[in-house]
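These numbers were taken from a predicted model, which means no experiment stands behind them. Every number for a ligand or one of its atoms is a count from 1 in the order of the listing. Excluded from the calculations below are hydrogen atoms, water molecules and symmetry mates; all remaining heavy atoms, backbone and side chain alike, are included.
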Amino acid sequence: EDYDDCWLRYEPVEDEELSNAYRRHCTHAYVSEGAPELGAVREELRRGLGGLLGREPHLWQHPPRSVDGFLAIGLPDEMRPISESVDPDEVRGLHDEGYLIRSVEWEGSDCTVLTAPRDRGLVYGTFHLLRLMATGEPIIDLDVVEEPANETRMINHWDDPFRGSVERGYAGRTLFDWERLPDLKERYYDYARLLASVGINGVSVNNVNTKIPGREGANEVVSGQAGWQLLESENLEKVAALASVFRQYGIKTYLSVNYASPMLIGGLETADPLDPAVEEWWAGKAEEVYDRIPDFGGFVVKADSEGQTGPYDYDRDHAEGANVIARALAPHGGRVWWRAFVYSEHEDRAVQAYETFEPLDGEFHENVTVQIKNGPIDFQPREPVSTLFGAMPETAMGCELQITGEYTGQGVHACYLVPQWKEVLEFDTDGNGSPVKDVLGGTEGQGIAGVGVVGDDPNWFGHHLAGANLYGYGRLCWDPDLDSETVTDEWIRQSFGDDPTTVETVSEILLDSWEASIDYHTGGIGLMHMMYNGEAALENHYDPSPGEWPEYHVADGEGIGIDRTSEGSGYVEQYREPVAERYASPEDCPEELLLFFHRLPWEHELADGTTVIQRLYDNCFAGVEEVRRLHDRWSSLEGDIDDRRHRHVAERFDEHVLQAERWRDTLVTFFHEHSGVADERGRVPLD
Ligand code: BDP
């Protein structure tokens with residue numbers, strides 16, 4: 001199977017001085033043995049150093065003698081060069097997945113010590129060291145101490161096992177070949193390497209929509225095997241095989257389960273969480289799972305949402321619903337990731353998750369994590385941050401981000417989402433220094449889950465540049481303080497080398513792409529959800545179709561936008577002060593969210609005197625101009641990037657420009673039809 005190495009290309013280091021220094025420090029490596037993670041460490045050193053330095057390292061089982069420099073990799077008390085140079089208490093005091101890399105001198109040789117409290121940290125540390133070399137950083141005076149900011153850093157695959165399709169996946173079919181499993185493929189290891197290299201430590205392998213027969217909606221009726229069946233005994237063997245690969249890279253395996261599993265799999269007549277037989281069934285199932293997969297992560301559950309079964313079927317609330325599963329997992333150290341993606345009862349969908357979950361704060365068992373989408377609607381190009389992050393201090397929270405580009409161009413448009421995620425993580429929930437990244441941090445069981453982006457395409461992502469999203473996602477989960485530029489720079493250097501023009505150009509393309517996408521997809525002042533949906537449950541979400549969703553923007557002859565103040569749906573009141581007050585006032589509300597919170601006349605004047613309608617026009621046109629500019633920037637790299645990748649992205653950009661124009665034309669026509677106001681600059685109505 002031929003597929004891309006992505007950012008683990010390990011191209012030869014061209015700078016001679018650097019490469020000599022790297023060789024001196026890394027050609028000899030004394031690596032401890034035993035744990036499965038150490039196999040992964042050795043393998044990565046072979047590949048990484050073999051590529052970067054043109055020769056594989058010499059791996060020692062004791063301290064190398066008569067060498068200028070060497071690497072020592074192991075737990076603090078496993079080998080003398082480490083125990084004699086680093087205080088073991090310092091290492092043991094680190095987070096379980098942390099690590100330390102330090103340049104020391106040991107018995108007359110330069111020694112680069114890489115140590116960690118647990119073997120998993122050694123895997124992360126190895127990738128860190130290789131990243132330094134792949135990005136041309138010096139490694140002579142290292143003193144690196146790293147700990148992840150988030151405990152769980154997970155990928156949620158929306159893959160439909162057996163059928164092989166990936167919901168909202170734009171890179172081919174699922175990576176996981178459930179028909180052939182437990183047979184393993186090389187590619188599973190390479191996937192695990194990509195994930196571990198950026199610190200991902202959890203993977204849920206199947207779609208949250210578990211597709212049971214006989215229910216409509218997201219649970220569309222299917223024939224043959226479906227996702228909920230992975231929990232059946234005969235399929236657990238397949239899950240266990242995947243887990244054996246992930247384990248070597250410090251990654252825990254999770255399953256999405258159907259709430260009605262006790263009935264579907266257990267043959268019970270109910271899945272009522274308060275029924276003792278149901279309690280017993282979950283306990284027995286958990287035991288079976290842990291017998292096979294001792295480090296199993298837990299279950300991801302989408303309940304009472306878009307047609308999925310759930311506790312509401314029995315008049316129980318979400319806490320009662322989650323807790324029965326949590327009790328079953330608790331003795332084994334597992335967690336329930338319970339999604340808060342609920343809507344439909346309210347005219348304004350934004351209000352519902354908070355209304356449903358905030359009153360349950362403190363009611364969830366310790367090993368339940370409530371998994372909250374970044375915004376109150378659904379992964380739109382830009383949304384305000386969900387009010388729930390400021391509202392559940394007694395609950396372990398997980399932030400759900402979407403790495404795949406469901407609403408941002410689906411593997412055709414270039415849209416780099418790291419700036420979006422930074423905006424979410426930095427959002428101050430109370431105006432007093434409580435950003436989402438801190439509110440999430442600290443509590444046990446918290447973390448971030450990202451909807452997966454890879455498929456079995458040779459390039460993994462459908463669009464080469466979308467690889468930067470997976471890379472950046474992992475890096476931000478590990479360290480949300482990293483800035484977008486740093487993460488971007490790392491990805492480019494590892495993927496395309498360090499030619500300054502290439503680095504600068506690709507960086508500009510990536511960093512400017514999200515704002516452009518917002519402009520032509522929404523008009524840039526807080527509108528959203530203007531895409532085509534169609535008849536079938538999983539239609540599209542790619543093409544423009546603003547007329548299809550009047551309730552999301554309420555455009556008429558008077559104006560546009562939704563009143564979410566206390567006079568309207570009241571959503572704004574779910575924010576903490578002073579955020580609520582700021583958003584509630586059309587003057588203070590940030591312009592980019594204005595029409596999300598306010599319904600305004602078309603000719604309402606913005607701060608700079610421009611009217612709402614004119615700004616919508618201007619932004620739609622500016623978005624397309626920006627895409628054209630990014631397209632040209634990419635074209636300028638012809639010859640600097642290998643033809644294969646250059647052509648692939650260039651072709652996507654040709655199509656991206658056409659699609660952005662289509663969005664622009666549809667949106668401005670829609671705005672014009674409702675407002676009756678022509679563009680001051682004569683562009684609308686269109687000819
Ligand atoms: C929406 C998707 C749908 C998912 C749903 C979810 O369109 O495919 O099932 O979210 O998150 O974004 O459960």
Side-chain angles (χ1 to χ4, degrees), residues 154-161 163 165-171 174 204-212 215-222 226-228 254-259 299-310 312 318 321-322 336-344 349-350 352-353 356-357 369-383 386 388 398-411 415 417 420-421 424 448-453 455 469 521-522 528-543 545 548-549 552:
M154 177 161 36
I155 302 292
N156 286 177
H157 280 264
W158 283 359
D159 299 19
D160 291 333
R163 296 203 296 177
S165 50
V166 180
E167 185 164 329
R168 313 309 179 190
Y170 313 106
T174 179
S204 66
V205 294
N206 61 320
N207 193 351
V208 289
N209 293 319
T210 46
K211 320 264 180 196
I212 60 172
R215 283 177 71 122
E216 301 281 328
N219 274 311
E220 83 205 70
V221 181
V222 292
W228 59 271
Y254 295 74
L255 280 178
S256 293
V257 298
N258 192 291
Y259 200 74
F299 297 137
V300 178
V301 192
K302 171 174 177 175
D304 291 315
S305 163
E306 297 186 326
Q308 289 275 131
T309 58
Y312 284 5
H318 282 272
V336 178
W337 282 67
W338 188 268
R339 298 177 83 232
F341 180 60
V342 293
Y343 64 98
S344 76
R349 153 176 185 175
Q352 193 171 334
T356 307
F357 281 88
T369 304
V370 174
Q371 180 170 325
I372 304 162
K373 284 191 184 182
N374 61 280
I377 303 294
D378 186 13
F379 300 137
Q380 295 300 298
R382 173 182 263 135
E383 294 189 32
S386 167
L388 272 176
C399 176
E400 180 175 320
L401 303 170
Q402 193 177 47
I403 314 171
T404 189
E406 176 178 359
Y407 298 99
T408 50
Q410 306 195 345
C415 184
L417 292 165
Q420 183 200 67
W421 302 330
V424 172
I448 303 186
V451 180
V453 61
N469 283 331
H521 275 116
T522 73
M528 58 192 68
H529 226 272
M530 307 184 95
M531 70 293 166
Y532 174 70
N533 192 48
E535 296 293 306
L538 289 181
E539 259 330 317
N540 201 300
H541 289 185
Y542 178 73
D543 296 313
S545 182
E548 200 177 321
W549 306 96
Y552 285 95

Give yes or no for whether the N/O distance cutoff of 3.5 Å, strictly under, is met between [X] and ligand 1.
X: Ser305; value: no
X: Asp378; value: yes
X: Glu167; value: yes
X: Glu406; value: yes

Between [X] and [Y], do the side chains contain an N or O donor and an N or O acceptor separated by less than 3.5 Å?
X: Asn207; Y: Glu167; result: yes
X: Gln420; Y: Asn374; result: no
X: Tyr407; Y: Asp378; result: yes
X: Tyr170; Y: Glu406; result: no

Run the numbers for me: atoms of ligand 1, each under 4.0 Å from some heavy atom of [X], listed by number.
X: Arg168; value: 2 (C), 3 (C), 7 (O), 8 (O)
X: His541; value: 7 (O)
X: Asn209; value: 9 (O)
X: Lys373; value: 1 (C), 5 (C), 6 (C), 10 (O), 11 (O), 12 (O)
X: Phe341; value: 5 (C), 6 (C), 10 (O), 11 (O), 13 (O)

Positive for side chain to side chain contact (heavy atoms under 4.5 Å, CB included) with Pro381, one of His529, Met530, His521, Met531: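 Of the listed residues His529, Met530, His521, Met531, the side chain to side chain contact (heavy atoms under 4.5 Å, CB included) partner of Pro381 is His521.
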
In terms of ring plane angle, is the pair Phe357 and His318 parallel, tilted or perpendicular, where the classes change at 30° and 60°?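 Tilted, since the angle between the ring planes falls between 30° and 60°.
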
Checking contacts here: is it the side chain or the backbone of Val451 that comes within 4.0 Å of ligand 1, counting heavy atoms only? Could be both or neither.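 Within the 4.0 Å criterion, Val451 makes no contact with ligand 1.
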
Side chain proximity check, Glu400 to Trp337, heavy atoms < 4.5 angstrom: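 The answer is no, as the side chains (C-beta and beyond) never meet within the 4.5 Å cut-off.
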
